[in-house]
Structures are given as structure tokens and as C-alpha cells.
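One-based numbering, in listed order, for ligands and for the atoms of each.
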Amino acid sequence: MKKIVVAGGGGFIGGFLVADLKQKGYLIRSVDYKPLKEWHQVLEGVENLVLDLRDRGACEKAVQGCEEVYNLAADMGGMGFIETHKAECMLSVLINTHLLMAAKEAKISRFFYSSSACVYAAQKQFRPDLTALTEEDAYPAMPEDGYGWEKLFSERMCRHFTEDFGLITRVARYHNVYGPLGTFEGGREKAPAAICRKIVQAKLSGKHEIEIWGDGEQSRSFQYIDDCVMGTQKIMNSDSVTMPINLGSSELVTINQLVDIVERIAGIKVKRAYKLDAPKGVRGRNSDNTLIQKLLGWEPTTPLKNGLEKTYSWVYDQMKNR
Ligand code: NAD
């Protein structure tokens, strides 16, 4: 049975990917630099290693004896984090660079890199109602400062490792991923988890007022974790996806509409206090799924309402049980 390494396996998406690959019967090595007690999921029957993958030697240890690499390791978070930690985000370039070098030396057969919709050029995202982003919209380049530049550079590095050294690489541009077991507080959380937390807090405290970053009219699409895990493996195993490809939902909502859905799930109405100077990111972003449909005959399908029900219920349990 193939042995697969998941870098960033202690993180949100990595934890679900490890669980799914393990359940399919693969031998898994999961690597992260956080202490085990901070991992989102620690699974039995998986080789769990704590290594800092910015270090070349650690990358060599991580890939030793494995056939495939999924690189999901990065220092990242929601807008509140990436707008204020640009250098830290860019330092993740060391992880992907050293992992690629180690993978080439170890003759790894396939290498997956988790890129982001933050690679897309700012000028294509200045209105909430713009058309969805296609893969070509990353160039001419003007990605999200810090985090997005690192992702775009690392995508390019994958491409050249394929062209120059023959290492098969696959790159997915994830659009916002959410679900249970995700980060919902502490500064790295993203909009769906943050809105769930604020509405749970309002419900538990009886103070029905929440703060919203921006005017609430910025638009996004949100992809449920199960779709992300499935799409990641489809892209990795595909022979036709040879260039970076969108992996995201095309169900576009504004942040106000996201709040409407969570309010309905919670069964309360909240007063919205708009914090206009908070980090907001681009004005509008959606995933054009024409290419993934063409190449894989598939795209993320979980309706936002269904995914949010599960996420809200998990966040509610975490906060209620404190
Ligand atoms: P996450 O922060 O939960 O997981 C990333 C993991 O990488 C963390 O557990 C972290 O400890 C680990 N890591 C960071 N630096 C490391 C190092 N030097 N050595 C070893 N491990 C290290 O984030 P996630 O949401 O699971 O995201 C996974 C990947 O997907 C990341 O590359 C991220 O940039 C990308 N992505 C995520 C989203 C999203 O909405 N969650 C969107 C676009 C792209």
C-alpha cells in the first residue's frame, strides 16, 4: 500500500485529509510543527511527526520512504491574520521550496500544493458583483500582499520543478474552506466560523448584537470541508489537471447574506454593528468552475446552508460546554 505524507496534517484541512486517506487504507505520515495537543485531529494508526518544515533536513525526514506528498503546511489565517502578518505568511515559501527539493531527491511520484484564491489579481475583484474568477485571472500578477505573493511564487516553483526535473505536481487554488473542527476564535478564524461564533455568543448571552467587519456587502463563496478533501484528491490523482485549478464553491453570497443564513439556523435575529475600518480583503470573489467541470466532471456541491448547519452546531457545542 502506498505511503503518503501530509504536510500540515495537524491543521484544519490537513486533519480531514489524513482521516479520509487513512480510511481509504493508505499508510499515512502526518507532519506539523505544532505540538500534538494543538492538532485539529490526532488519528490512531497514523505516523504523526512534529517537524518544522521550513528546515530542509526536516523536509527530507518528512518525505523519506513515501511515494506522494500533499503540502498543506503554511502559516496562515483569515483576513485578520494575513493583513497583519505579511512576512510570516511569505516565510511559508521555505516550506514549499524545501519540500519540493526533498521530494525531487526522494523521487516522489506526485506532489500536491495547496494554493489559494488570494493569488488572483486585485483589479479583478473590486466589486461584489464581478464575474467569477477563472484560472487566467491570476496574471498580470497583483495578488493579495504577502500571503498571495507567496502562494503565486510557490505555484510557479511547482511548475518549474515539473518542467525542469520531471516531478509531477498538482496545484489547487482553494477558495474559502469551512466546517466543523475549524478555527473559530483566536485571530486566525475566517468569516463563516467567526459569524457562527458571534451568533452563538449572542444566543448564549442574550445580547443580540454582533460586530461585522466592513459594510457586509463584500461577496465570497464558501466551500464545505468534505468537498475540499474530495476535490484535493481528485486533482492530485488526475492526469489532465496539469496547471493550477480553482477548487471552490460557486455559490456566491455577501457577508450580510451569510449572517442571514446563520441567524435562521440559530433561530435569532441580531443587530449588526458594522466596523468599517476592520480588515475586509477584496470586495468580491467567486470561483469560476468551468475548468474543473471540464477536466474532472465535478465541482463542490454542498449547499452553504447545509454546511453551515453542521459548522454552527459544532461551534455551539464547543462554546456551550465551556
Ligand atoms: P491551518 O492553519 O489549519 O493548517 C496549516 C497547518 O500548517 C497548521 O497546522 C500549521 O501548524 C502548519 N504549519 C505551519 N507552518 C509549518 C511549518 N513550518 N512546519 C510544519 N507545519 C507547519 O490551515 P488550513 O485551513 O488547514 O489550510 C491548509 C492549506 O490550505 C494552507 O496552505 C492554506 O494556505 C491553504 N488554503 C486554505 C484556505 C482555507 O479557507 N482554509 C483557503 C485557501 C488556501
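With respect to atom 27 (O) of ligand 1, the closest heavy atom belonging to the protein is Ile13 CD1, 3.7 Å. The protein heavy atom nearest to atom 38 (C) of ligand 1 is Lys190 NZ, 3.5 Å. Protein heavy atom at the shortest distance from atom 31 (C) of ligand 1 is Leu72 O, 3.3 Å. Protein heavy atom nearest atom 3 (O) of ligand 1, with residue, atom name and distance: Phe12 N, 2.8 Å. Looking at atom 18 (N) of ligand 1, its nearest protein heavy atom turns out to be Asp52 OD1, 2.8 Å. Counting only heavy atoms of the protein, atom 9 (O) of ligand 1 lies nearest to Asp32 OD2, 2.7 Å. Looking only at protein heavy atoms, the nearest one to atom 37 (C) of ligand 1 is Met76 CE, 3.6 Å. Looking only at heavy atoms of the protein, atom 19 (N) of ligand 1 is closest to Leu53 N, 2.9 Å.
Only the side chain of Tyr147 comes within contact range of ligand 1, with a heavy atom under 4.0 Å; no backbone atom does. The proximity of Ser115 to ligand 1, defined as any non-hydrogen pair under 4.0 Å, is limited to the backbone.
Using modelled atom types, one side-chain atom of Arg173 and one backbone atom of Glu135 make a donor-acceptor pair closer than 3.5 Å.
Interatomic distance, OH of Tyr178 versus CD1 of Ile195, reported as 13.5 Å (0.5 Å rounding). With values rounded to the nearest 0.5 angstrom, Leu291 atom CG is found 8.5 Å from Ser240 atom OG.
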